[in-house]
Amino acid sequence: MSQQQTPSTLIRGGTLVTADGEQRGDLLIVGEAIAAVGPALEAPAGAQVIDAGGAYVMPGGIDPHTHMELPFMGTVASEDFFTGTSAAAAGGTTMCIDFVIPSPGQRILEAYETWRGWAEKAACDYSFHVAITWWDQSVREDMGTLARERGVNSFKHFMAYKNAIMCDDETLVNSFLRCQELGALPTLHAENGELVYVLQQKIYDAGFRGPEGHPLSRPPEVEGEAANRAIRIAEVLGVPVYIVHTSCEDALGAITRARLEGQQVFGEVLAQHLVIDDSVYRNPDWDAAAHFVMSPPFRSKEHQEALWRGLQAGMLQTTATDHCCFCTPQKRAGREDFRKIPNGTGGVEDRMAVLWHHGVRSGKLTPSQFVAATSTNAARIFNVHPKKGALVPGADADVVVWDPSLSRTISAKTHHQNIDFNIYEGMEVVGNPVHTFSRGAHVYDRGQLRTVRGAGRYVDRPCDAPFWSAQRLRNGQPRPGPVPRG
Ligand code: URP
Ligand code: ZN
Ligand code: ZN
């Protein structure tokens, strides 16, 4: 290849899958973008040619909920932006939306700049939701700067984690109204933090000290109450909302009711909540049980079945991981008291294969529904579509070639994640990536990870996403829209 030639790759003879359907064809990548999609494309001189016969060709996954190197509960998540986005690429995910979480009282703009610095080592593209953990005039102003000048169109609210990052109703209301002015989307961790606090004390006083105390202190009702409260506050104010990591029928019910009433409510589900149940907390091996301490906790099988139905019916639109890794020695900080076990589990590498195996192979989801739930819906809701989440000329060449018959047994011995265990250990998944392209770079090639530290780029996400901002009517009544800018 001459010095001047732009690198190109022709992916030939695969089944191209998008959220809208499937077709046989070729896909040409030139430089960082998709150049053409269609039948019998010509390979440019010097192009790499990949035979995708028998494989699916899909938009790279978007994980809309990760926490790389998050300082949390007295420690720091073990996965950094380079290792985490590399592991993501090995699993077919080419973009992560992570979270800036300011300490209460900290300027949110300052926290944002800190996270931007940490993320410079990312191997694949990324963006940030910004958490609102407190309220004053500076938060209001900084939300404006972030939305108008820094490409942030979603703000996160933790309704749990009292005495740390929890957001009370006053802050929720202030922030929702500000989001409305800016055309940004409020997102929520829905658990009633006051109830969790009281229940944790009761459970501890009753003698439960180990990981089994964790789910007892965070029952589904606690999540359902918070989801319903956030949704009703949003209804009164006329703002859309997005509920993260929906784990139970109670929260799903709140989302479903609101959607059936025409309210703009979006729901995310984690791959692990779909396939792992609460029996993990009854393991007599302390470490093994503590590995699964995350919030909301794993639920019973009935809740899992409800979540699958919610995903199939489109009541839940996105799938994520909440990738927040703490190694076994970190988890042991809570050896004497379950309340001190750092909350979080990993899975950014395994989300797509787990969803393919348990969703598509089992017949619950079509390949197109899989693409919608792993990529396109997140791109639409967070307003990066069709640059991301689509196979169209001009889109970023974030592409995965997927072999539906390739089998893998998930294990910490072979994964790329920077954590000493894997919550899916021993699970066989049929359907795995063979090639991943991140903005045209061939970052995963048949088992070889070739990510480059710092190659990922920050993705701006403008406000007023057409996917949801256009719909402002409910029951014939105009919703109060964003105030005019000027
Ligand atoms: O347990 C969890 N989910 N840890 C990460 C922080 C959060 O709540 O998303
Ligand atoms: Zn959360
Ligand atoms: Zn999270």
Side-chain angles (χ1 to χ4, degrees), residues 63-79 84 88 96-103 111 115 126-133 154-167 172 186-193 196-197 200 211 213-215 217-218 220 222-224 226-227 230 241-248 251 266-274 276 278 280-281 289-299 318-327 330-331 333-334 338-348 351 378 382 417 419 423:
D63 189 334
H65 188 159
T66 63
H67 300 281
M68 308 304 175
E69 53 192 282
L70 173 69
F72 192 51
M73 294 184 71
T75 185
V76 178
S78 58
E79 190 87 274
C96 294
I97 314 184
D98 209 274
F99 292 82
V100 172
I101 307 186
S103 304
W115 256 265
Y126 57 93
S127 195
F128 286 114
H129 313 278
V130 176
I132 302 303
T133 52
S154 49
F155 292 93
K156 170 77 175 283
H157 307 81
F158 289 93
M159 298 171 81
Y161 305 124
K162 183 176 159 75
N163 295 332
I165 53 176
M166 186 171 103
C167 196
L172 273 192
T187 77
L188 294 119
H189 170 130
E191 284 185 302
N192 183 317
V196 170
Y197 187 75
Q200 282 182 325
H214 179 72
S217 67
R218 309 181 97 101
V222 160
E223 185 180 340
V241 276
Y242 176 101
I243 309 291
V244 308
H245 50 42
T246 308
S247 78
C248 63
F266 303 106
E268 168 193 285
V269 62
L270 307 183
Q272 60 266 45
H273 279 143
L274 289 164
I276 296 173
D278 57 358
V280 292
Y281 298 117
H291 287 166
F292 292 89
V293 168
M294 67 161 299
S295 297
F298 292 94
R299 307 292 192 192
T318 61
T319 57
T321 59
D322 198 1
H323 188 77
C324 188
C325 292
F326 298 108
C327 293
Q330 294 176 287
K331 292 277 187 189
F338 70 85
R339 295 171 295 185
K340 298 191 175 133
I341 303 171
N343 285 202
T345 54
V348 76
R351 176 183 65 128
F382 295 110
Q417 301 174 141
I419 179 167
I423 54 169

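When a ligand or atom number is given, it counts from 1 through the structure's own listing order.
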Worksheet item: So, Asp322 versus His67: side-chain donor-acceptor pair below 3.5 Å or not?
Response: yes

Worksheet item: So, Ser247 versus Glu223: side-chain donor-acceptor pair below 3.5 Å or not?
Response: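 Glu223 and Ser247 do have a side-chain donor-acceptor pair below 3.5 Å.
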
Worksheet entry | Protein N/O/S neighbour count - the Zn ion (ligand 3), strictly under 2.8 Å | 3

Fill in: Ring geometry between Tyr242 and Phe266 (parallel below 30°, tilted from 30 to 60°, perpendicular above 60°)
tilted

Expected rows: ligand 1 N/O, protein N/O, dist below 3.5 Å:
| residue | atom | partner | partner atom | Å |
| --- | --- | --- | --- | --- |
| ligand 1 | 1 (O) | Ser295 | N | 2.8 |
| ligand 1 | 1 (O) | Gly344 | N | 3.4 |
| ligand 1 | 3 (N) | Ser295 | O | 2.9 |
| ligand 1 | 3 (N) | Asp322 | OD2 | 2.6 |
| ligand 1 | 4 (N) | Asn343 | O | 3.0 |
| ligand 1 | 8 (O) | Tyr161 | OH | 2.6 |
| ligand 1 | 8 (O) | His189 | ND1 | 3.0 |
| ligand 1 | 9 (O) | His67 | NE2 | 3.2 |
| ligand 1 | 9 (O) | Asp322 | OD1 | 3.2 |
| ligand 1 | 9 (O) | Asp322 | OD2 | 3.3 |

Between [X] and [Y], ring centroids under 6.0 Å:
X      : Y      : result
His157 : His189 : no
Phe155 : His129 : no
His273 : His245 : no

Discussion item. Between Glu191 and Lys162, does any side-chain N to carboxylate O distance fall below 4.0 Å?
Written reply: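 So Glu191 does not pair with Lys162 through a salt bridge.
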
Worksheet item: Is the shortest heavy-atom distance from the side chain of Asn343 to the side chain of Tyr161 under 4.5 Å?
Response: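 Asn343 vs Tyr161: side chains touch.
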
Item to complete: Find out whether Phe99 and Trp115 are in side-chain contact, i.e. whether some heavy atom of one side chain is under 4.5 Å from a heavy atom of the other.
Response: no

